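One structure is given below, encoded as structure tokens.
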Amino acid sequence: MRARLVLMSRLVAALTGLLALLALAPGAAADGPAGQPAPPTAAAPAPPGTPTVLVTRVATEVTPVIADHLAGGLDRARTGGYAAYVVELDTPGGLVSAMRVIVQDILASPVPVIVYVSPAGARAASAGAIVALAAHVLVMAPGTNIGAATPITSGGQDLSRKIVNDAAAQAEALARLRGRDVGFAGEAVRTGRSIGADEAVRLGVADAVAPTLADALAAADGRVVTVAGGQQVTVHTAGAVVERQELSLTERVLQALANPDLAFLLLVGGFIAVLVELATPGVGLAGATGAAAVLLALYSIAALPVTAVGLLLLAVAAGLFVAELFAPGTGAFALGGALALLLAAVFLFDRAQGVAVDLSAAVPLAVVLCAAAVVVGRLAVRSRRQRPTTTGADLLRGQTVTVAQAEGLTGRAFVEGAWWSVRSTGPPLRPGATARVVGLDGLVLLIVPADPAGDGGGPPPASRKDQS
């Protein structure tokens, strides 16, 4: 039985470790040695006076990690004297809170910000559309689109009309500030309207269509934009030298973890591994990987907008699952833990920020964890009730040994390849006598001689003859 639990522990540890590796894997290969960011893209020497632009690529969801990354880039562009800060954008959307931070940073930037929706087939959707509307210059590659900015949760559910109206008002205000089509900005939020690059230019939403970054910089050149403080600046980016701002390994890892479904998956996998470890204390592998998975999940949760109610429900679920492990019965604790976990999935994240666990993923995971808690609890109880028979005194109990040396009730015997001190629980011992092992007292075997005479051979032959 213990062998089964150990095997289960190793399997769960392997699966949980794989989840952790999948969470840490994205982008690692793109970074330099020892987790350092990849060096900036080398550029050919440029004539004196040639402008330089700082370019970063956002081809992922908008999260607090991306907001911090762009904030760092804007600060670097300001202090480094760059002619513009360019964001190559391809995103399905993201967190409303992170989007608002990015918009505020763009509005406060003294350096012109150019959003270039690229490559062909890319999109600036949802939160990405609002970020694009906030840019001083918006250029799109052929075959790209912008819009579909209606706020939704990560599970696809529409949010309340109040939240939608608030987002629409922000989009319209940004469009009005940048001289873009206000009607489209409102429709993109209220009705989810999305348009292609050519139509965006025709409606005055985008400033130009350009197939390459160099063409986009040329299209932005000469435009007069209003930066922070109301100051008007002429953009000089034609033929500019491009320097790249890459996501560091840490930012890539954090961005991979900033996913509500992944956080929930790591949390459930970690709970299962910890339960198995509690059922098989001393194994260690499942416990270590389970704890690592739970810590990764908690870090992921910390990067997302969580609620106090959701955290409390998580604590309740963990307590109920542990109770099922140590007091298994009808499975009521496990069922209660599964229900608390589902409620935690519903209330854990702030849906007003567009973040939620997908219930199509949460329900199966809760069922799996419930079943695992019940099974592991039963196996743990059965293992605790079953006397071990392969180690310690149980390995020697019942064996017949030959006493090599004897002195009263004590002596020595050679058992299982080693010399043991022995002590009789009955009559005195004699050299050469056989005895049966009945227990272990520290490092002394407790034995009972095979016959009262202590020689294991019965009465002397002469005695048998006399009796006959």
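None of the values given here were measured: they were computed from a predicted structure. Positions are given from 1, in the same order as the sequence printed here.
Panel note: side chain His136, backbone Pro112; no donor-acceptor pair is recorded below 3.5 Å. At least one donor-acceptor pair under 3.5 Å links the side chain of Arg252 to the backbone N or O of Leu247. For Ser118 (side chain) and Glu88 (main-chain N/O), no donor-acceptor pair under 3.5 Å exists by modelled atom type. Gln245 places a side-chain N or O within 3.5 Å of a backbone atom of His69 that can act as its donor or acceptor partner. Judged purely by atom type and a 3.5 angstrom limit, Glu251 uses its side chain to pair as donor or acceptor with the backbone of Ser248.
Atom-to-atom distance recorded for Ile146:CD1 and Leu203:CG is 11.0 Å, nearest 0.5 angstrom. For the atom pair CE of Met99 and CD1 of Ile66, the computed distance is 15.0 Å after rounding to the nearest 0.5 Å.
Across all their heavy atoms, Ala293 and Gly270 have their closest contact at CB-CA, 3.9 Å. Residues Ser109 and Val227 share a closest heavy-atom pair of O-CB, 3.5 Å. Summarising the geometry of Pro211 relative to Pro142, their closest heavy-atom pair is CA-CD, 3.7 Å, with the distance given to 0.1 Å.
Pairs of residues two or more places apart, or lying in two chains, that qualify as side chain to side chain donor-acceptor pair (under 3.5 Å) and include a residue from residues 199-214 are Arg180-Asp207, Arg193-Glu199, Thr212-Asp215. Residue pairs meeting the side chain to side chain donor-acceptor pair (under 3.5 Å) criterion with at least one member in residues 220-239: none, sequence neighbours excluded.
A 4.5 Å side-chain heavy-atom check between Leu213 and Tyr116 finds at least one atom pair inside the cut-off. Between Tyr85 and Ile106, the closest side-chain pair of non-hydrogen atoms is not below 4.5 Å. Val209 is not listed as a side-chain neighbour of Thr144, based on a closest heavy-atom distance of 4.5 Å or more.
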- Message: Between Thr91 and Glu61, is the side-chain hydrogen bond (donor to acceptor under 3.5 Å, both in side chains) condition met? List the steps.
- Response: CA-CA 6 Å; Thr91 180; Glu61 293 185 346; over 6 Å; no

- Might you work through the salt bridge (Lys or Arg N to Asp or Glu O under 4.0 Å) test for Asp166 and Arg100, ending with a clear yes or no? CA-CA 12 Å; Asp166 179 66; Arg100 289 186 179 276; 2.4 Å; yes

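Counting only N and O atoms by type, the side chains of Glu243 and Thr52 include no donor and acceptor under 3.5 Å apart.
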